[in-house]
Amino acid sequence: MAFFTKKDIKAAPEFESLPTHLGIIMDGNGRWAKKRGLPRSAGHKAGANVFRTISDECANLGIKYVTFYAFSTENWKRPKEEVDALMALFKDYLLEAKADMVKAGNNKIKFIGEREGINSELLKLMDEAEEETAAHTGTTVYLAVNYGSRQEIVSAVNSLIKEGKTEINEEDISNNLYTYPECDLIIRPSGEQRISNFLLWQAAYSEFWYSDVLWPDFTKRDLYRALKDFENRNRRFGA
């Protein structure tokens with residue numbers, strides 16, 4: 001399945017406003033597999049297919065930035081078999097994305113998170129995918145791998161200290177985070193209602209949208225529902 005493809009969006013509703021930056025916590029793969037008597041790896045594979053569909057649709061709709069939470073720093077604590085399966089899926093995705101990069105249009109891909117713990121083969125593929133889309137000016141798709149937001153903030157502060165900063169303000173931190181700009185809407189399927197160390201700084205004034213749908217069952221229609229709900233929110237940004 002192509003990573004970036006042209007989709008028929010005739011079924012999509014019209015939106016008067018869209019989030020500039022959308023965050024998505026891809027949750028529920030394991031429970032989806034368990035309900036079907038399948039190994040957790042099967043749930044992750046199904047979830048990877050949904051990621052491709054939804055990332056394509058975000059680009060088609062014209063959302064400028066979308067961040068997908070794929071693998072957290074805490075996920076290393078999962079059973080080795082499950083982690084290995086996730087890394088294998090990640091490799092397959094990268095190989096497919098690289099092979100399909102000629103069809104990527106104007107979209108840009110970026111990986112955020114710590115590099116430590118990720119094998120050199122995957123890191124090379126990540127670097128190549130970023131390099132080959134670096135000049136593109138369309139939708140930026142951030143994929144959070146080995147990511148934790150607390151670590152991201154600490155990393156930003158340490159970078160500023162290395163620059164010789166003795167006083168740090170909010171703008172300094174914002175300018176040294178992995179993603180830009182602040183997040184307008186965060187979608188979390190699967191019935192869970194927590195942020196799970198995702199975009200803590202960027203989510204200061206985010207709207208949240210929750211659904212009981214497990215991620216492998218999440219469809220473009222669910223995406224449209226979330227975006228329509230966001231469109232009708234009265235955002236006050238703390239005022």
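Clustering of Ile, Leu, Val, Met, Phe, Trp and Tyr side chains at separations under 4.5 Å places Leu214 together with Trp32, Leu38.
A salt bridge links Arg31 with Glu192: at least one charged nitrogen is closer than 4.0 Å to a carboxylate oxygen. One finds a salt bridge joining Asp229 and Arg233 here, because a Lys/Arg side-chain nitrogen approaches an Asp/Glu carboxylate oxygen to under 4.0 Å. Salt-bridge annotation for Arg36 and Asp217: present, with a side-chain N of the basic residue lying under 4.0 Å from a carboxylate O of the acidic one. Between Asp92 and Lys45, no side-chain nitrogen of the basic residue sits less than 4.0 Å from a carboxylate oxygen of the acidic one, so the salt-bridge criterion is not met. With salt bridges taken as basic N to acidic carboxylate O contacts below 4.0 Å, none links Glu121 and Lys124.
Counting only N and O atoms by type, the side chains of Tyr180 and Gln202 include no donor and acceptor under 3.5 Å apart. A donor-acceptor pair shorter than 3.5 Å cannot be found between the side chains of Thr53 and Asp56. Side chains of His136 and Asn107: a donor-acceptor N/O pair is absent below 3.5 angstrom, by distance only. With hydrogens and angles left out, the side-chain atoms of Ser196 and Arg188 include a donor and acceptor closer than 3.5 Å.
The shortest distance between side-chain heavy atoms of Leu227 and Leu185 falls below 4.5 Å. By the 4.5 Å heavy-atom criterion applied to side chains, Glu130 and Lys108 are not counted as neighbours. Inter-residue side-chain proximity for Leu125 and Lys91 is flagged as met; some heavy-atom pair is nearer than 4.5 Å. Counting heavy atoms from C-beta on, the side chains of Leu122 and Met87 come closer than 4.5 Å. A 4.5 Å side-chain heavy-atom check between Asn49 and Arg52 finds at least one atom pair inside the cut-off. Proximity of Tyr142 to Phe111: side-chain heavy atoms (C-beta onward) are nowhere separated by under 4.5 Å. Side-chain contact check for Trp201 versus Ser174: some heavy-atom pair is nearer than 4.5 Å. Counting only heavy atoms from C-beta outward, the side chains of Leu143 and Ile112 never approach each other to under 4.5 Å.
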**Request:** Show your reasoning for whether side chain to side chain contact (heavy atoms under 4.5 Å, CB included) applies to Phe208 and Ile187.
**Result:** CA-CA 6 Å; Phe208 289 83; Ile187 294 173; over 6 Å; no
**Request:** Please report the C-alpha distance between Ile186 and Ile25 in whole Å, then the side-chain angles of each, then the deciding distance to 0.1 Å, and finally whether the side chain to side chain contact (heavy atoms under 4.5 Å, CB included) criterion is met.
**Result:** CA-CA 8 Å; Ile186 293 178; Ile25 300 174; 4.2 Å; yes
**Full working for salt bridge (charged side-chain N to carboxylate O under 4.0 Å, His left out) between Lys228 and Glu231** = CA-CA 5 Å; Lys228 273 297 180 185; Glu231 191 175 58; 3.0 Å; yes
**Request:** Show your reasoning for whether side chain to side chain contact (heavy atoms under 4.5 Å, CB included) applies to Phe71 and Phe90.
**Result:** CA-CA 10 Å; Phe71 189 86; Phe90 187 32; over 6 Å; no
**Asked** Can Thr67 and Leu22 be said to form a side chain to side chain contact (heavy atoms under 4.5 Å, CB included), step by step?
**Response** CA-CA 6 Å; Thr67 302; Leu22 170 65; over 6 Å; no
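In this structure, Ser149 contributes its side chain and Leu200 its backbone to a donor-acceptor pair below 3.5 Å. In this structure a side-chain-to-backbone donor-acceptor pair under 3.5 Å is missing from Glu57 to Lys220. Judged by distance alone, with hydrogens and angles left aside, the side-chain atoms of Arg235 form a donor-acceptor pair with the main-chain N or O of Tyr205 at under 3.5 Å. Remark: the backbone N or O of Thr20 is paired with a side-chain donor or acceptor of Asp184 at under 3.5 angstrom. A donor-acceptor pair is defined here as one N or O able to donate and one able to accept, closer than 3.5 Å; such a pair exists between the side chain of Asn75 and the backbone of Ser72. Under a 3.5 Å cut-off, the side chain of Asn197 and the backbone N or O of Arg150 do form a donor-acceptor pair. His21 places no side-chain N or O within donor-acceptor distance of the main-chain N or O of Tyr65, the cut-off being under 3.5 Å.
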Let me have the donor-acceptor pairs involving side chains of residues 156-164, under 3.5 Å, with sequence neighbours excluded, atom names and distances please.
residue: Asn158; atom: ND2; partner: Val154; partner atom: O; Å: 3.4
residue: Ser159; atom: OG; partner: Ser155; partner atom: O; Å: 3.0

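Considering CG of Asn175 and CD of Glu170, their distance stands at 11.5 Å, rounded to 0.5 Å. Note: Asn232 CG to Glu16 CD = 8.5 Å, rounded to the nearest 0.5 Å. Rounding to the nearest 0.5 Å gives a distance of 5.5 Å between CD1 of Ile63 and CG of Leu18. Atom CG of Asp27 is separated from atom CZ of Phe198 by 11.5 Å, given to the nearest 0.5 angstrom. With values rounded to the nearest 0.5 angstrom, Thr179 atom OG1 is found 5.5 Å from Glu152 atom CD.
A single hydrophobic cluster is not seen to contain both Tyr69 and Met126; linkage of ILVMFWY side chains at heavy-atom distances under 4.5 Å, directly or through other members, places them apart. No path of Ile, Leu, Val, Met, Phe, Trp and Tyr side chains, each step under 4.5 Å between heavy atoms, connects Ile195 with Val66, placing them in separate hydrophobic clusters. Cluster annotation: Tyr210 and Leu199 are assigned to the same hydrophobic cluster (Ile/Leu/Val/Met/Phe/Trp/Tyr, side-chain heavy-atom contacts under 4.5 Å, transitive). Note: the hydrophobic cluster containing Leu89 does not contain Val141 (ILVMFWY, side chain heavy atoms under 4.5 Å, direct or indirect links). Cluster membership for Met26 and Ile109, using ILVMFWY side-chain heavy atoms within less than 4.5 angstrom, is shared.
The shortest heavy-atom contact between Ala70 and Val145 is CB-CG2, 4.3 Å. Of all non-hydrogen atoms in Val213 and Pro189, the two that sit nearest each other are O-CB, 2.9 Å. Across all their heavy atoms, Cys183 and Ser206 have their closest contact at O-OG, 2.7 Å. The minimum heavy-atom distance linking Tyr178 with Glu114 is given by the pair OH-OE2, 3.3 Å. Nearest heavy-atom pair, Arg78 versus Val83, reported as atom, atom and distance to 0.1 Å: O-CG2, 3.8 Å. The minimum heavy-atom distance between Pro39 and Ala33, with the atom names listed, is O-CB, 3.3 Å.
Ring orientation note: the planes of Trp209 and Phe218 are nearly perpendicular, at an angle over 60° on the 30°/60° scale.
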